[in-house]
Every structure is written in structure tokens, then in C-alpha cells.
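The structure presented is a predicted model; accordingly, all values stated were derived computationally and were not measured.
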Amino acid sequence: MKTHAIIPIFIPHRGCPNDCVFCNQRRITSKLVSPTEAEVRNTIDNWLTTLDDVPNVHVAFYGGSFTAIPMDEQNKYLKIAHEYKTTGAVSEIHLSTRPDCIDDEILDNLTKHGVDLIELGCQSFNDEVLKASKRGHSTEDIYKACSLIKSAGFKLGIQLMVGLPKSTRESDILSAHKTSEIMPDVARIYPTIVIEDTELLDMVKSGEYKSLTIDEAAWRSKEMLKLLNASGINVIRIGLKASDLISGDGKFTGTTFHPAFRQLVEGSLARETIEEKLLHLLEVELKNQSPSTKSMRVIARANPSSFSNLIGHKAENRKYFVDKYPGLQFVFRQDDTLPAGEYFVELEKL
């Protein structure tokens, strides 16, 4: 049963003081103007009619830098969300913003309106990358904003991007390290997508920027995910939805988009985990001078919710193991006694 749901309220390109090279917010949200108060209420009401059995429903303001819009406009939206929270129709209020759009006055106002989670579009902890991406803020702004948010008692979210201009494997992975040190409540990892009508697309055409391959973006994201998972940080999103990159006329605009990016990343991590366990078991068997591995079966198990990652996107993990270890038989099974995201491997003699 679904335990929580998010009602998204899109406020496109509102409040942001500059255009980052990768951003075309109006295209991403497929909207040109901010919603009216009536539209916000209608959106929440319509969603609530479909979420009767969901115990935790959150209202989230996405699309722009919420805390950068005029305070009276913020309050117009926050007041509505707070009304629904006060009645118990929704349980939490979320919003996203920039690190340089957080201060004590802003946080005091968000507290009064019952906001629970503030997500920061940090993107990178490397100042050269931030400058090349025209983010308009520094890593110092990130640390200051995170400290203020946590001190004020809010839940903190950090959004990171992989493959921005001037980024490297090392700088992207370091951003995950820095995020782990801050210990936000949630995190998101997004590969850099080249969108039409952006400066980044101009940079591609001029040769100034080259997009990562899907494999490279997935590898970096996997290494970042490992660090965040090890710190117990809940990574609530990896990659963009297809709907995030569809314009109003229905034309797909991304040039490096993969519809199953999260599965690519988590499937790669599952394969790495399984292989490490398998090699350890094979090493033990060799030390014990066991018979040839040709007389052995490998059984890999996962919780049903993680089974698709176990076998990989389009069964690529299954193919990988069968091709790399032709002397072994492989069986992949679902096991609801295992926790989600954990994988169990055992050898069975035939």
C-alpha cells in the first residue's frame, strides 16, 4: 500500500535571480505563468480525491526559487497549503529554492506557515563548476543555507547534478562526500540534460561543452549513491521523469535523457554488490579445494521491490553474469524476507 504522496504545485521560473546555463524552467514545467490561488486549491482538491487511502500527503512547491519571490506572493501560496495542513488533509509542506535565497527572516516566515522540508538546489560543491554553470552562488552560500535551515528545525534536502560544465568524476563524487557530511534528510541526483533554448545547448554547438554518455552519467551517479546510502541519506530521486522534459507541444527536448535512469544506476549498484559477494564465495570455495565451479549454481535473491534492479534494466545484469561466468548456472529469485535494496547470494552444488 502506498504510504505517502506528493501534490506538486509548479511555480515556473519565479524568483530566480538568473538563468543557469542548463535551465529553461518554463519548458521543463510546461507552464508560462504562476498558478492562481484558485488553481492551487483546485490542484490540491483534485489530488486529494485520488489519495483517500494514503496516510501521508505532502504539498510541494516546485519549479522556481520559491523563497526568492516577493514575500506577499510566498504567503499567498503558503497560506493555502497551511490551511490544508491545519485541517489534517495534508501532513507536510515542501518547497525548493536556491542556497542564496535563505536567511533568518525568510525562515521565520516559513515557520509561521508550517513548512516542513526545504530542498536546496546546490548542484555542486565545486566553485569552478558553479561559476561555469552560472549558478550565481558559491559553496559558502550552500554551507550557510544548510546550517540556517537545520538550526531552524526544518528538514533539509540537497539536490545535486552530475556532469555540469567543468565537472569531473572527482568533483561530482566530492559533492556527494560533502553532502554526506552535512547529512540532509533527503537528496536527489540529476544527470545534466541538455534542453532546447538554453545556453548549455549553445555551448554544445560551439564545442565548449560535451554531454556525458549515459554510461558515464550512470557510473558517477552510482558512486554518489553509494556514498549517500552509506550515510543513511534517503535519495528520493535519481534522474528526471519523462514528463519533466516534455514541452507544451508534446515534443521531447532532452538530448541525453534516459527514461529508466534510476534503474540504470541502481541496477549497476546491484550488479557490483552481487559480484563482490560472488567473488568472495568463489574465493572461499577455492580455498576449500571444492570441485569445479561448473557443478555449482549461483542463487541471487532480492526483495520483490528490488528485483528489477537485481536483474537489471532489460535484464542486462542477468546477461552480464551469464556471459562473464559461463561455467556457473545463475538463478534470480524474489524473496520478501529480505529488506528492500539488499541482495543475497549463495552457491549451491549441483
Partners passing side chain to side chain contact (heavy atoms under 4.5 Å, CB included) against [X] (at least two apart in sequence or in another chain):
| X | value |
| --- | --- |
| Ser268 | Lys222, Arg271 |
| Lys205 | Leu201 |
| His177 | Ile173, Leu174, Leu227 |
| Thr213 | Asp215, Glu216 |

For [X], all residues meeting salt bridge (Lys or Arg N to Asp or Glu O under 4.0 Å), sequence neighbours excluded:
| X | result |
| --- | --- |
| Glu348 | Arg297 |
| Asp185 | none |
| Arg318 | none |
| Arg333 | none |

Original post:
Is a salt bridge present between Glu223 and Lys226, judged by a nitrogen-to-oxygen distance below 4.0 Å?
Top reply: yes
Original post:
If you look only at pairs with a residue in residues 103-125, which of them pass as a ring pair (Phe, Tyr, Trp, His ring centres under 6.0 Å), with sequence neighbours excluded?
Top reply: Phe125-Tyr143
Original post:
Do we see a donor-acceptor contact under 3.5 Å between the side chains of Glu276 and Tyr343?
Top reply: no
**OP:** Please determine, by modelled atom types, if Thr139 and Asp127 share a side-chain donor-acceptor pair under 3.5 angstrom.
**Re:** yes
What pairs meet the salt bridge (charged side-chain N to carboxylate O under 4.0 Å, His left out) rule with one or both residues in [range], with sequence neighbours excluded?
| range | value |
| --- | --- |
| residues 74-90 | Arg41-Glu83, Lys85-Asp116 |
| residues 63-72 | none |
| residues 140-168 | Glu92-Lys155 |

Subject >> Spacing of Asn109 atom CG and Thr67 atom OG1 [to the nearest 0.5 Å] >> reply: 10.5 Å
Subject >> Residue that, paired with Leu200, satisfies side chain to side chain contact (heavy atoms under 4.5 Å, CB included) out of Val21, Ile193, Leu164 >> reply: Val21
